[in-house]
Amino acid sequence: MTSENHGTVTADSAVVMSPTGSTSEAAPFSPSTNELIQAGWSKCWSKRENRPYYFNRFTNQSLWEMPVLGQHDVISDPLGLNAAPVSGEAISDAGLGNGQRKRHPSEDTQAGPNSFKRPKVGFLPNSLFDRFSSADMTCLNWSLCFRVYWDLDVQTNAVIRERAPADHLPPHPEIELQRAQLTTKLRQHYHELCSQREGIEPPRESFNRWLLERKVVDKGLDPLLPSECDPVISPSMFREIMNDIPIRLSRIKYKEEARKLLFKYAEAAKKMIDSRNATPDSRKVVKWNVEDTMNWLRRDHSASKEDYMDRLEHLRKQCGPHVASVAKDSVEGICSKIYHISAEYVRRMRQAHLTLLKECNISVGQNLSDLFFLFKVDGTESTEVQDRLVYCYPVRLSIPSPPQPRVELHFENDVACLRYKGEMVKVNRGHFSKLELLYRYSCIDDPRFEKFLSRVWCLIKRYQMMFGSGVNEGSGLQGALPVPIFEALNKQFGVTFECFASPLNCYFKQFCSAFPDIDGFFGSRGPFLSFSTVSGSFEANPPFCEELMDAMVTHFEDLLERSSEPLSFIIFVPEWRDPPTPALTRMEASRFRRHQMIMPPFEHEYRSGSQHICKREEIYYKSVHGTAVIFLQNNAGFSKWEPTTERIQELLAAYKPSGRSLPSPGPSSTSTGDKDSKPVQEHLARSQDNSSPVDKTAPDTTNI
């Protein structure tokens, strides 16, 4: 049995299908119906016989009449799966609905990282069923199995102060379509500028990391594109372009590749210094080193791969500063141009969005402090924000949502396809069911699910635009931890909240994400850098953007400094040592650090950020770099969730690879900047002093 949850999509007994695909309401769930579902039975429609029948996914039995439980047939049911449950259990499970079985306390205490859990599957409301044709309903095979990579039953322990609804403009497919078109144009501008001015391809994933880095400092109003940033020149984009000048240095395996790379670098450096406005001293240094390298290449044909790489490193040190000085103004011009185009696009989208809301008689711009809005906190309604502590709840919007246009939905095998004005987005059936369940838990303004499909379309389109539409593009930037890790974190350290996730890759139903305007309908608590918590246990696996990780550490230490309640953060960041990232250096020196361990490269794995659409065998990939796992806790958090030796061993056991991961990750999971161009160094298992600089009572050694 694998560590993932396996489940069956079963038909809601409250929805009775007719041959034409229409629906009608039936009685709510009864204990007998729950027993049938738990025993593996689902009600299906026979197109040949034109009448319903019952199918058991455990035994592959088909019956025309309703099954009778409690009769154990050792031939057709050798495991006794259809035997009647204990009467007490049937009574306690009667009122759960949605085909879910009540989780008993014994299951919570005995469940391990690799334990089996029944999936939590939601059902589409009748208003959505009415949109499907009979062919679509045939495609909705209720006995189709899919893997579940989440547990939405875990309740939060994150406590925050009650907050007012956010003033983001509500999402709309028309505006999202315009944003997608303009973002695509901006990517094209970036590609053209890099090619025309520097003669290089844009560094891989650099535009995606630019979006992440800009949102750390952006005070603009658009959820995706930056428009009010200081400084205008992006450090991330500038660094990555400069690192690929005069040519991109790729990983090499063979001696001939190393020789060609050295020759190309020398030739490109000479060409750049000749064509730019360089000082005489710079020209002299570069030309002398290039000529010396060329002479060495001509006379030494017996050099090894290591000799060529050493010579290349020497040439980079000698010529790199002079090449960078002549390219600096041009690269800054690229960064500035892209930013100003983005700001103009934001102005256009904002105007179009306000016009659309005005046409729907929705006014924007009133002083929010003068208005009172109804919103729910912990299931109760309130008319004003009170200064009180509450369990965290999803982002609410103060501006009402306009009417949504029709979004078409159909299924192609195991994939849900949503189309608006010819633009199609796709999500696999399992994640589509997950989005429906998150929406049911979190959305309060659409009880009939009339806006569900349009919001799902906007959600998928937004993330598609943020991380690009290329093959495997962005999959590493939004990668997630494996399911056994989340199970161990929850069981051993009380983790119930993800600091960096999305509705598509979250494990818990409470999480922070990038886009509060659309993600809030699916459970997001908003961006983590603006999320102020008082207590709770959190997991943080940020996108691998240096500026974002540095801002994350600042926010962690600020929250830990202010709170006297139990507060714990378990952070997973890449172990980049050449050079070390500021975030990793600061966390290792933090007075809140209680423990640290290193997972060696190629010995652990991540879940793909494209898990909602990629093939099942491509979901896991091995990490090519080490991962540092750091525990930051205040005193109360350390007392409650101390990283003891036993708990750490359970976490390490959960880190054991599944054996089904890809041998190498997607392109974006590698490190940024010049880290991306260096060969991966082998990391040896090691022990180190992992104790806090202040509190030496924390465990101090982890053997990997």
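Here, residue 1 is the first one in the sequence, and each next residue gets the next number.
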Please test Leu212 against Met466 for side chain to side chain contact (heavy atoms under 4.5 Å, CB included), starting from the C-alpha separation and ending with a verdict. CA-CA 9 Å; Leu212 292 170; Met466 182 177 189; 3.1 Å; yes
Kindly indicate whether the side chain of [X], heavy atoms from C-beta on, has any atom under 4.5 Å from the side chain of [Y].
X: Pro246; Y: Glu267; answer: no
X: Arg607; Y: Phe486; answer: yes
X: Leu481; Y: Glu539; answer: yes
X: Phe238; Y: Lys328; answer: yes
X: Cys194; Y: Pro202; answer: yes
X: Phe432; Y: His612; answer: no

Rounded at 0.5 Å granularity, tell me how far [atom1] in [X] sits from [atom2] in [Y].
X: Cys417; Y: Met424; atom1: SG; atom2: CE; answer: 5.0 Å
X: Phe569; Y: Cys499; atom1: CZ; atom2: SG; answer: 5.5 Å
X: Cys319; Y: Ile273; atom1: SG; atom2: CD1; answer: 8.0 Å
X: Lys271; Y: Lys264; atom1: NZ; atom2: NZ; answer: 13.0 Å
X: Glu423; Y: Leu177; atom1: CD; atom2: CG; answer: 5.5 Å
X: Ile460; Y: Gln464; atom1: CD1; atom2: CD; answer: 8.5 Å

Check whether [X] reaches the backbone of [Y] with its side chain - one donor and one acceptor, N or O, closer than 3.5 Å.
X: Lys287; Y: Asp274; answer: no
X: Thr293; Y: Asn289; answer: yes
X: Ser336; Y: Gly333; answer: no
X: Ser610; Y: Ile613; answer: no
X: Ser342; Y: Pro226; answer: yes
X: Arg248; Y: Ile200; answer: no
X: Asn428; Y: Gln611; answer: yes
X: Gln318; Y: Val286; answer: no
X: Glu257; Y: Lys253; answer: yes
X: Lys337; Y: Glu332; answer: no

Between [X] and [Y], does the ring centroid distance fall short of 6.0 Å?
X: Phe500; Y: Phe511; result: no
X: Phe631; Y: Phe493; result: yes
X: Tyr308; Y: Trp296; result: yes

Salt bridge (charged side-chain N to carboxylate O under 4.0 Å, His left out) partners of [X], counting only residues at least two apart:
X: Lys255; result: none
X: Asp310; result: none
X: Arg311; result: Asp292
X: Arg462; result: Glu176, Asp517

Below 4.0 angstrom, N of the basic side chain to O of the carboxylate: do [X] and [Y] qualify?
X: Arg577; Y: Glu575; result: yes
X: Glu344; Y: Arg347; result: yes
X: Arg179; Y: Asp222; result: yes
X: Arg593; Y: Glu588; result: no

Atom CG of residue position Asn295 - does it have more than 12 heavy atoms of other residues, nucleotides or ligands inside 6.0 Å? yes
When you look at CZ of Phe572, are more than 12 heavy atoms from neighbouring residues, nucleotides or ligands closer to it than 6.0 Å? yes
One pair to check against side chain to side chain contact (heavy atoms under 4.5 Å, CB included): Ser234 and Tyr339. What are the steps and the verdict? CA-CA 8 Å; Ser234 164; Tyr339 169 77; over 6 Å; no
Using 30° and 60° as the class limits, which term best fits the ring planes of Phe207 and Trp210: parallel, tilted or perpendicular? tilted
Should the ring pair His604 and Tyr655 be called parallel, tilted or perpendicular, given that the plane angle runs from 0 to 90° and is split at 30 and 60? perpendicular
Take His625 and Phe544 through the test ring pair (Phe, Tyr, Trp, His ring centres under 6.0 Å) and record every step on the way to the result. CA-CA 12 Å; His625 53 71; Phe544 297 164; 5.4 Å; yes
Please tell me whether [X] and [Y] have a donor and an acceptor in their side chains that are separated by less than 3.5 angstrom.
X: His555; Y: Asp558; answer: no
X: Asp519; Y: Ser524; answer: no
X: Asn243; Y: Glu240; answer: no
X: Glu546; Y: Thr581; answer: no
X: Glu557; Y: Ser590; answer: yes
X: Ser302; Y: Asp300; answer: yes

Taking only residues two or more places apart in sequence, or in another chain, which ones meet Ser227 in a side-chain contact (heavy atoms from CB on, under 4.5 Å)? Asp218, Ala343, Val346
side-chain contact (heavy atoms from CB on, under 4.5 Å) against Glu201, all qualifying residues, sequence neighbours excluded: His191
Of the options Arg209, Arg214, Arg239, Lys215, which is the one that meets Glu547 in a side-chain hydrogen bond (donor to acceptor under 3.5 Å, both in side chains)? Arg239
Run Met587 and Phe592 through side chain to side chain contact (heavy atoms under 4.5 Å, CB included) and show every step you take. CA-CA 8 Å; Met587 285 190 289; Phe592 296 107; over 6 Å; no
Applying salt bridge (Lys or Arg N to Asp or Glu O under 4.0 Å), run through Glu291 and Arg298 and close with a yes or a no. CA-CA 11 Å; Glu291 289 176 1; Arg298 293 188 191 100; over 6 Å; no
Should Ser206 and Tyr190 be marked as a side chain to side chain donor-acceptor pair (under 3.5 Å) after you check the CA-CA gap, both sets of side-chain angles, and the distance that decides it? CA-CA 10 Å; Ser206 60; Tyr190 179 49; 2.7 Å; yes
Would you check, one step at a time, whether the test side chain to side chain contact (heavy atoms under 4.5 Å, CB included) holds for Val326 with Met272? CA-CA 8 Å; Val326 298; Met272 173 168 284; 4.0 Å; yes
